[in-house]
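In what follows, a single structure is set out as C-alpha cells and then discussed.
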Amino acid sequence: MKQLLVLLLFVTCSVSAQEWQLKKNSRGIKVYTRQLDSSKINEYKAVATVKTTPEKALKTITDGDNLWRWNHKTSQSKTVKKISASEFVFWMKNELPWPVKNRDNVSHITVNFLAQGDVRIDILPDKTNLVKEREDCIRVTNFKGYWLISPKTDGFVEITQQLYGDPNGQLPAWLLNSVLTSVPYHSFLNLKEILEN
C-alpha cells in the first residue's frame, strides 16, 4: 500500500510539473510556460487571436527571408532551401546581449493541412548540414516545436506557437527561463502588427 501511495505521488508530481502556467496575458497575446521532466529549460506556448486570413498568416510564417523582421532578437534569416511548396529549410541568427555569444539554427519546416482548415507548421533541426557553422555563433541543434493556424469566425485567426529549445553553451537554465516569456511575446506583437496591416 505504501509503495502504491509513493507511486501515485510520483505520478501526480510528474503530471503537475508539466501543466501549462499562464505567464503573460496582454494585448490579446497569452504566453504559457511549463517544466519538462527531461530538461531544466522550460517549454513555452504563445497564443494570439489576429484579424487576418489563414493564407496571410501561413505566407508570413513560412517566409524565411523575412523572419528577422518580426521574430524578436533575430537579426538575420533566410530560406536556405525550398524542398517543395510545403517543406523548407530556414536559417536564423539570434542576437544575445554581450558577453553571451550569439546563436544560430537551421530548421526543417514542414507544413501540414489539417481538418477544418487548420494548418500545422512543424519545426525540427535540419540534419543535412546545408549551412556551415559560423565562428560568431553557437549552433543550436536541440529544439522542436510547431505553429498552429486555426481559422475563427468574423475574419479572425488563432495562431499558436509551441517551442522548446536548448541554446547550448554555458547559459544557466534559470536565466533562460527568465526570458522565456518576453521573447515570444514580443515576436507575437510584431507578427500581429504585420498581419493586421
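Side chains of I159 and L195 form a contact here, defined as non-hydrogen atoms less than 4.5 Å apart. Looking only at side-chain heavy atoms (C-beta outward), N177 and T33 stay at 4.5 Å or farther from each other. Between W91 and R134, the closest side-chain pair of non-hydrogen atoms falls below 4.5 Å. Between D37 and Q18, the closest side-chain pair of non-hydrogen atoms falls below 4.5 Å. At a threshold of 4.5 Å between non-hydrogen side-chain atoms, the residues Q162 and Y146 count as touching. In this structure the side chain of N105 reaches within 4.5 angstrom of the side chain of N94, judged on heavy atoms. Within the 4.5 Å cutoff, the side chain of D118 has heavy atoms near those of the P151 side chain. Using a 4.5 Å heavy-atom threshold, the side chains of P167 and I41 count as touching.
Under the 3.5 Å distance criterion, the side-chain polar atoms of K192 are matched with a main-chain donor or acceptor of R27. Side-chain atoms of K24 never come within 3.5 Å of backbone atoms of A46 as a donor-acceptor pair (strictly under, hydrogens ignored). Between the side chain of S77 and the backbone N or O of G64, at least one donor-acceptor pair lies under 3.5 Å. Counting only distance, with no hydrogens or angles, the side chain of D104 and the backbone of M92 share no donor-acceptor pair below 3.5 Å.
Residues forming a ring-ring contact (aromatic ring centres under 6.0 Å, His included) with F90 (at least two apart in sequence, or on another chain): F88. Taking the side-chain hydrogen bond (donor to acceptor under 3.5 Å, both in side chains) definition, one finds that W70 meets it with nothing, sequence neighbours left out. For D63, the side-chain contact (heavy atoms from CB on, under 4.5 Å) partners are D65, N66, not counting sequence neighbours.
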Does the side chain to side chain contact (heavy atoms under 4.5 Å, CB included) test come out yes or no for R139 and V106, once each step is laid out?
CA-CA 8 Å; R139 176 65 49 88; V106 185; 3.6 Å; yes

Take V89 and I109 through the side chain to side chain contact (heavy atoms under 4.5 Å, CB included) test and state the conclusion after the steps.
CA-CA 6 Å; V89 176; I109 308 296; over 6 Å; no

Walk me through it: do I149 and I61 pass the test side chain to side chain contact (heavy atoms under 4.5 Å, CB included)?
CA-CA 10 Å; I149 301 169; I61 292 169; 4.1 Å; yes

So L148 and L114, side chain to side chain contact (heavy atoms under 4.5 Å, CB included) or not? Walk me through it.
CA-CA 10 Å; L148 185 64; L114 308 177; 4.1 Å; yes

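The heavy-atom pair separating L67 from T60 by the smallest distance is CD2-O, 4.1 Å. When every heavy atom of Y164 is checked against every heavy atom of N42, the shortest pair comes out as CD1-O, 3.9 Å. Between E95 and S75 the shortest heavy-atom distance is OE2-OG, 2.5 Å. Between T141 and P125, the shortest heavy-atom contact is O-CG, 3.2 Å. A pairwise comparison of heavy atoms in R103 and N168 identifies NH2-O, 2.6 Å as the closest pair.
Note on D126 versus K81: no salt bridge recorded, every NZ/NE/NH1/NH2 to OD/OE distance being 4.0 Å or above. Between E43 and K45 there is no salt bridge, since none of the side-chain N atoms of the basic residue sits less than 4.0 Å from a carboxylate O of the acidic one. Taking a cutoff of 4.0 Å between a charged side-chain nitrogen and a carboxylate oxygen, K51 and E196 do not qualify as a salt bridge. A salt bridge is defined here as a Lys NZ or Arg NE, NH1 or NH2 lying under 4.0 Å from an Asp or Glu carboxylate O, and K152 with D154 fails to meet this definition.
Residues Y44 and Q161 have side chains that bring a donor and an acceptor to within less than 3.5 angstrom of each other.
Clustering ILVMFWY residues whenever any of their side-chain heavy atoms sit less than 4.5 angstrom apart, transitively, puts V47 in a cluster other than the one holding V183. Note on V119: it clusters hydrophobically with I123, by side-chain heavy-atom contacts below 4.5 Å among ILVMFWY residues. In the hydrophobic clustering of this structure, F113 groups with W147; members are Ile, Leu, Val, Met, Phe, Trp, Tyr whose side-chain heavy atoms approach within less than 4.5 Å, directly or through other members. The hydrophobic clustering, which links ILVMFWY residues whose side-chain heavy atoms are closer than 4.5 Å, places L176 and F143 apart. Follow the hydrophobic side-chain contacts under 4.5 Å out from L130 and you reach I83 in the same cluster.
Environment of CG in D136: crowded, with over 12 heavy atoms of neighbouring residues, nucleotides or ligands closer than 6.0 Å. Atom NZ of K30 is surrounded by 12 or fewer heavy atoms from other residues, nucleotides or ligands within 6.0 Å. The 12-atom threshold is exceeded at CD of E87, counting heavy atoms of other residues, nucleotides or ligands nearer than 6.0 Å. Residue K93 qualifies as enclosed at atom NZ: its count of foreign heavy atoms under 6.0 Å is above 12. Other residues, nucleotides and ligands contribute at most 12 non-hydrogen atoms within 6.0 Å of the NZ atom of K78.
Rounded to the nearest 0.5 angstrom, N102 CG and C137 SG are separated by 5.5 Å. Remark: W68 CH2 to Q76 CD distance equals 10.0 Å, nearest 0.5 Å. Note that OG1 of T52 and CD1 of I194 are 10.5 Å apart. Values are rounded to the nearest 0.5 Å. The NZ atom of K59 lies 10.0 Å from the OG1 atom of T53; values are rounded to the nearest 0.5 Å. Within the model, atoms CD1 of I121 and OG of S86 stand 11.0 Å from one another, a figure rounded to the nearest 0.5 Å. Here CG of D166 is found 12.0 Å from NZ of K40. Values are rounded to the nearest 0.5 Å.
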